[in-house]
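As the structure lists them, so they are numbered: ligands from 1, and atoms in each ligand from 1.
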Amino acid sequence: MSEYITRAIVLGFEGKKEHDKVFDLYTESFGRIRVQSPGGRKILSKLSPHLDTADFATVKIIEKNNLTLADSFREEKITEKNGNAVFFARMLRVLSLVKRLSPEGLPDGGLWHFLGDARRRGEIDFRALLGHLGYGVENASCEECGSRRVTAFSEASQEFFCDACCLKLPGNNVLYL
Ligand SMILES: [Zn+2]
């Protein structure tokens with residue numbers, strides 16, 4: 001059994017009961033990982049706030065047969081209150097992309113700092129994010145027509161599109177750059 005402490009941002013979670021959840025985290029030390037927060041034993045400290053999507057926290061993780069969240073200390077909660085609705089919505093897109101496109105268990109200091117910077121500045125540059133995830137916009141061209149003026153990225157197919165061609169795509173998974 002090994003124990004680790006690392007900083008993390010919560011990408012999302014599954015499960016409804018407070019002590020029976022599976023969290024997707026992007027961590028400073030290990031990159032993207034999935035950790036169990038198991039039922040039965042209430043191992044989370046009473047002082048720990050309940051972790052939610054987009055929270056930044058320091059977490060203690062125990063590795064035995066799988067990874068278990070043993071404790072957490074929330075550093076900052078990003079919410080849609082206080083006029084932050086647009087930033088919060090953009091942050092949720094960031095977290096969804098990181099969850100889908102970052103390799104599991106591979107730390108990336110550049111991506112970690114990008115996330116911290118976005119939080120501090122309250123601004124998100126999707127082009128820079130895609131670069132960190134291995135989808136550089138500079139050399140991209142439209143998947144349909146070959147134009148170099150790409151303005152959209154499909155999260156579903158992981159392809160770039162220009163203004164005209166992205167109009168033909170189903171809108172819900174398209175990221176406008
Ligand atoms: Zn095009």
Side-chain angles (χ1 to χ4, degrees), residues 6-16 21-36 51-57 59 67 74-177:
T6 179
R7 297 176 69 211
I9 180 168
V10 180
L11 301 176
F13 59 85
E14 291 163 14
K16 291 203 171 74
K21 288 181 178 172
V22 179
F23 287 94
D24 286 293
L25 304 177
Y26 192 82
T27 65
E28 184 174 18
S29 304
F30 309 106
R32 183 171 62 80
I33 57 173
R34 301 202 96 192
V35 298
Q36 317 266 341
L51 286 184
D52 209 346
T53 300
D55 285 351
F56 277 84
V59 294
L67 299 176
R74 192 170 66 209
E75 296 174 8
E76 187 171 359
K77 186 168 187 62
I78 299 173
T79 68
E80 47 199 322
K81 291 176 194 150
N82 307 324
N84 267 342
V86 171
F87 175 66
F88 186 72
R90 287 169 72 84
M91 198 63 177
L92 292 183
R93 290 303 298 268
V94 169
L95 301 180
S96 164
L97 282 158
V98 170
K99 186 175 164 187
R100 192 191 279 251
L101 301 180
S102 71
E104 196 166 357
L106 195 70
D108 180 339
L111 178 55
W112 172 257
H113 287 295
F114 171 87
L115 295 169
D117 259 7
R119 169 187 66 161
R120 272 189 297 280
R121 304 199 327 222
E123 277 174 29
I124 290 160
D125 177 350
F126 282 122
R127 289 172 177 257
L129 172 68
L130 287 172
H132 284 297
L133 291 169
Y135 295 87
V137 179
E138 308 74 43
N139 300 314
S141 54
C142 173
E143 196 61 27
E144 281 294 311
C145 73
S147 163
R148 299 298 302 269
R149 299 183 61 175
V150 295
T151 53
F153 179 78
S154 164
E155 196 174 329
S157 67
Q158 287 136 46
E159 293 164 339
F160 287 98
F161 295 92
C162 72
D163 255 348
C165 296
C166 83
L167 293 175
K168 303 171 202 157
L169 299 171
N172 51 351
N173 259 320
V174 177
L175 185 72
Y176 295 98
L177 304 172

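- Glu144 meets the side chain to side chain donor-acceptor pair (under 3.5 Å) test with no other residue; sequence neighbours excluded.
- Judged by distance alone, the side chain of Ser147 and the main-chain N or O of Cys142 form no donor-acceptor pair under 3.5 Å.
- Within a radius of less than 2.8 Å around the Zn ion (ligand 1), the protein N, O or S atoms are Cys142 SG, Cys145 SG, Cys162 SG, Cys165 SG.
- In this structure, Arg93 fails the cation-pi test against Phe126, since its NZ or CZ atom is not both closer than 6.0 Å to the six-membered ring centre and inside 45 degrees of the ring normal.
- Legend: residues meeting side chain to side chain donor-acceptor pair (under 3.5 Å) with Arg120, ordered by chain and number and at least two apart, are Asp117.
- Under a 3.5 Å cut-off, the side chain of Thr6 and the backbone N or O of Ser29 do form a donor-acceptor pair.
- Ser102 meets the side chain to side chain donor-acceptor pair (under 3.5 Å) test with Arg32; sequence neighbours excluded.
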